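Remarks on the structure that follows.
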Amino acid sequence: MKCEAEQTQGLQMEEPQEISSTEGGCVGDIVIEKFLIESKKSTPHVQLACSMQHSAFPLDGNELCIWNTEDPSQQLLALRGHHQPISAVAFGNTATPRLICSASPDRVIMWSLDECREKVLEGLIPRGTVLGTLLGKVLYLRFSPDDRVIAVCAGNKILVVDTESQSTLVELEGHQGPVTAAEFCTWRAHVVISVSEDRSFKVWDHRVGSLIYNSPVLAASPLLSLLVVEGSKQLVTGCAEGQLWIFSLVDRHHYRCVTRVDLRKKRESFSTRRLDSNPGSLPEESRLPSAHELAKGDDVEVTLPVLGLAHCELSLGLASECGLLSSENTSCLWVGSSAGLLILNLANFELEAVLHYKNFRNLSIQVAGSCALRSKTSDGKAFCLLTSMFGNGIAGLKVDPTALLRCQQRPTLGTRLSVLPSSRVLPTSPLHFGVVESSAQPARHRQPAARSVVKDQPLVFHSKVRSSGYTSAPHATMFSPKTNIKNDCKRSSERKNSYKWKESPVQNSPPTRLSRWLAVADGRAAVRCVQFSGDGRQLACGSANHLALVFGADLTGTPAVFPGHDGPVNTVCWSHDGRWLLSVSQDGTLRVWSVRRTELALCLGKDLLPKPVQSAQFYYIDTFILLSSGPEVQLLTYHIDTCKDEIRRYKPKSRGRAVVRLPMTGAVEVTSLSAVNDFYSYLVLTAGRNRTLEAFDLNVGRSAAVITEAHSRPVHQICQNKGSSFMTQPSQLYNLFATTAVGDGIRLWDLRTLRCERRFEGHSNRCYPCGIAFSPCGRYVACGAEDRHAYVYEMGSSTFCHRLSGHTDTVTGVAFSPSASQDMCVCAHVLT
């Protein structure tokens, strides 16, 4: 359509049109091209601008064109005042007055939109305020949050200009290349952050003109874009090779790097993950290039230069509907590139959706040279402004993130997994073994007793003479698992604890100070693992000197020593009642100890397990022992004989027997396993050497789900949020579990969606496997690190909230006290 104002005569703007995919399916509900303008001059690399109601871009070189995104019927406003091509445009942040600034090599001009439109309606030529002249090529402009100052990135310098006095307040110099972007810190208005073609970022105090922080060189290509995320207090910057760096801006974090994201690899894994999940269920118009197509490099470019970054606002209704975002604190990010738009989840650093320009028919711009994004308009959609890389076109797109996510969401399972059982134990279940055994055992004793009532009468007639006892049941049952399971498959809760139960408040604070330090062994003996007992009164640890030790929770007094292993003890586990301690060593054996008697009660070795035991624990409220041996997960029923026979003490009566063996998919070695023992649960989580996670449902005795490529390296620990008898949690939180791998941080998973919901990075863990632990309240995750510190993360943040010092070497294990998590967090490390 033709614009009516004198300043816009001759401009042609196409009507909005729905875009069809290259596969022939209409996907107009995802993206709509609102307008297309052909400029006389090409503007491939300029800063574009989008606000809540307007978008701005240079037209024909030296004209500033403003289009109303909310009311397209309004005339296109063109502002003239530059003599040389415009290179940067930026909107102000305040609603009144609505300001916009444009820059060219000859001058920097600030305009008031309301005044300019009034003058156009009166037939006058609008004029702006000149803030600076002959500054050179300006690549970026940015207003402060209150619009009082503006940062002008001209060459290697950043000029901070006062918008009222039109004077330069300070010049920030220090970059070795042209400054490509700058942002003000919203919660610290005096702080300006800049990125440059010298591949580094700098943090400035513009009030005094001083440098606060100077980063090292981050990439091999120039840094192009920058965004400050206020919610998580993070800095996101992207380079020309498709790399994103995320840094923490939290106080005392010293601009620590949280993670680095390779967009090309993320796009490949996103496409492969969707196609492998269920290729037949995906619509053709939402199909993404496969990993094989991406490798060709003919139809899809190799790199994804980050041209623009913006917040992506998604409603909680969309999160629950699509099943994509389960946390209210989860935030997403729009990433604009030359090939398309991407939505990045800042919680797990994974792509949620990808929109390729080439996948849509009739889209005017296939390769973008510049990109500006506005996360949310009045109708809840995002607005994207593009310029063509090889042509003169300028296009405005409206993208519906709801439709995009719904179109590209991963297929969900028919039945969602849950740690909490929703059905009774099946008669064919391996967990039903205890019921069958306990019900069949008494029947064999009652039948002979009934046939010999008269025959077995005592041969004495005095009423006060005791019988010899040969008609009574034996004192010790040879094999009878303690299940306490009746026909209704419910366990009696008659066990009495020696401690007084006391519920602790859920809003506990994590530990922040060192209360006590204790040397476990002399010399270089590494403490490999630690675990508190269920009542929080005792602490067990396994060491490299072949010993398992049990301390008091306050680490005072002489510890109980459990010798017998021929290798370092890698795993210790308490029984639910606190009577037994299980230990696993590198010698391949599993031993169960009596804590009260400080002696061996059960030893399982090569006679029962042909391959060494990697990890083990009590399971199903001490009914079974769950262990991993080679590529198998084994469920063992056991009997511990507590009767002492001094004559035949050489002949042990304690024994174990395998109930079921479940092989891992692909027959890979099991590196870690985890299951709940504090309450009845059918699910067992395992990790394989091939970097996969697999969930087994022992009620049906088979694999329930497999997660491929869970980490970049094999997982060395799985940790479930098991809660505590002293604290209560919402039932859905028990479905969360965490995994960790060397060099790949910590990932938080949800069993209901089988998705990584959040990643915790920032602690150093490149060589040695460091342990992790959930707090009893479920609000924190703690981990060890190689920098001699323990880190505590809050569940709603990807950056650590506390960094605990006091160790002298690598922190290998952590454990929260179930009764006092706010007071104690025990960490193990290598002694020097």
Side-chain angles (χ1 to χ4, degrees), residues 323 326-327 412-426 429-432 434 483 485 489-491 493 506 531 534 573-576 615-628 633 635 660 662 664 670 672-687 692-707 710 715 717-740 746-758 772-781 795 816 818:
S326 62
S327 173
T412 56
L413 296 175
T415 303
R416 290 193 173 187
L417 301 179
S418 176
V419 171
L420 303 176
S422 59
S423 60
R424 299 174 61 180
V425 178
L426 300 176
S429 170
L431 302 177
H432 196 70
T483 57
I485 300 178
C489 300
K490 295 182 179 179
R491 177 182 288 268
S493 58
V506 177
Q531 189 182 48
C573 177
W574 289 90
S575 62
H576 181 67
S615 55
Q617 67 167 79
F618 291 100
Y619 175 59
Y620 216 63
I621 312 188
D622 299 344
T623 305
F624 303 97
I625 290 179
L626 191 67
L627 60 88
S628 64
V633 177
L635 184 69
V660 66
L662 301 174
M664 288 280 291
V670 181
S672 180
L673 65 81
S674 177
V676 177
N677 187 44
D678 296 334
F679 54 86
Y680 291 117
S681 176
Y682 304 151
L683 290 185
V684 176
L685 306 179
T686 61
T692 62
L693 297 176
E694 189 164 2
F696 291 94
D697 188 348
L698 292 189
N699 193 28
V700 296
R702 60 180 175 84
S703 175
V706 178
I707 303 175
V715 174
Q717 184 181 354
I718 302 176
C719 183
Q720 291 180 263
N721 181 24
K722 302 177 181 179
S724 169
S725 59
F726 296 87
M727 301 180 189
T728 57
Q729 298 184 25
S731 58
Q732 62 270 19
L733 293 184
Y734 291 101
N735 292 308
L736 299 178
F737 68 97
T739 59
T740 181
I746 304 172
R747 300 194 180 192
L748 181 68
W749 304 81
D750 192 336
L751 267 173
R752 297 165 295 177
T753 59
L754 297 178
R755 282 172 41 90
C756 174
E757 300 295 343
R758 185 171 293 278
I772 56 177
F774 276 98
S775 65
C777 60
R779 296 181 56 210
Y780 304 99
V781 176
M795 295 286 283
F816 281 95

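Everything numeric in this text was worked out from a predicted model, so none of it was measured.
- At least one side-chain heavy atom of Tyr619 sits less than 4.5 Å from a side-chain heavy atom of Leu431.
- Partners of Asp697 under the side chain to side chain donor-acceptor pair (under 3.5 Å) rule, at least two apart in sequence or in another chain, do not exist in this structure.
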Open item on the list: Set out, in order, the CA-CA distance, both residues' side-chain angles and the distance that settles side chain to side chain contact (heavy atoms under 4.5 Å, CB included) for Val419 and Asn721, then state yes or no.
Closed with: CA-CA 10 Å; Val419 171; Asn721 181 24; over 6 Å; no

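- Annotation: side chain to side chain donor-acceptor pair (under 3.5 Å) contacts of Trp574 (sequence neighbours excluded): none.
- Between the side chain of Ser672 and the backbone N or O of Ala687 there is no donor-acceptor pair closer than 3.5 Å.
- Considering all non-hydrogen atoms of both residues, Arg424 and Tyr682 come closest at C-OH, 3.5 Å.
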Task: Verdict with reasoning, Met795 to Val781, per side chain to side chain contact (heavy atoms under 4.5 Å, CB included) - done: CA-CA 7 Å; Met795 295 286 283; Val781 176; 3.5 Å; yes

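- In this structure Gln720 satisfies the side chain to side chain donor-acceptor pair (under 3.5 Å) test together with Ser674, sequence neighbours excluded.
- A centroid separation of less than 6.0 Å is found between the aromatic rings of Tyr620 and Tyr680.
- The minimum heavy-atom distance linking Arg752 with Asn735 is given by the pair CD-ND2, 3.6 Å.
- In terms of heavy-atom proximity, Leu417 sits nearest to Leu754 at CD1-CD2, 4.3 Å.
- Using a distance-only test at 3.5 Å, with no hydrogens or angles considered, no donor-acceptor pair links the side chain of Gln729 to the main chain of Lys722.
- Ile718 is not listed as a side-chain neighbour of Trp749, based on a closest heavy-atom distance of 4.5 Å or more.
- Here Tyr734 and Phe679 bring their ring centres to under 6.0 angstrom of each other.
- Between the CG atom in Leu751 and the CD1 atom in Ile707 there is a gap of 7.5 Å [rounded to 0.5 Å].
- Once rounded to the nearest 0.5 Å, the distance linking CG of Asp678 with CD1 of Ile621 reads 8.0 Å.
- Proximity of Cys777 to Phe816: side-chain heavy atoms (C-beta onward) are nowhere separated by under 4.5 Å.
- Here the side chains of Val715 and Arg747 are not in contact, with every heavy-atom distance at 4.5 Å or above.
- When the side chain to side chain donor-acceptor pair (under 3.5 Å) test is applied to Ser615, the partners found at least two apart in sequence or on another chain are Ser628.
- Across all their heavy atoms, Met727 and Pro776 have their closest contact at SD-CB, 3.5 Å.
- In terms of heavy atoms, Gly534 sits closest to Pro818 at O-CG, 3.7 Å.
- Counting heavy atoms from C-beta on, the side chains of Arg416 and Thr753 come closer than 4.5 Å.
- Qualifying side chain to side chain contact (heavy atoms under 4.5 Å, CB included) partners for Glu694, counting only residues two or more places apart in sequence or in other chains: Met664, Thr665, Thr686, Phe696, Ser703, Val706.
- Of all non-hydrogen atoms in Leu626 and Ala675, the two that sit nearest each other are CD2-CB, 3.7 Å.
- Here the side chains of Thr740 and Gln717 are in contact, with some heavy-atom distance below 4.5 Å.
- The closest side-chain heavy-atom distance from Val700 to Leu426 is below 4.5 Å.
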- [ ] Go through the steps for Leu748 and Phe774 under the test side chain to side chain contact (heavy atoms under 4.5 Å, CB included), then give the verdict.
- [x] CA-CA 11 Å; Leu748 181 68; Phe774 276 98; 3.8 Å; yes

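- Not counting sequence neighbours, the partners of Phe618 by the side chain to side chain contact (heavy atoms under 4.5 Å, CB included) test are Cys573, Ser575, Trp580, Leu582, Val592, Asp622, Ile625, Tyr638, Asn677.
- Side-chain contact between Ser423 and Asn699 is present, with at least one heavy-atom pair separated by less than 4.5 Å.
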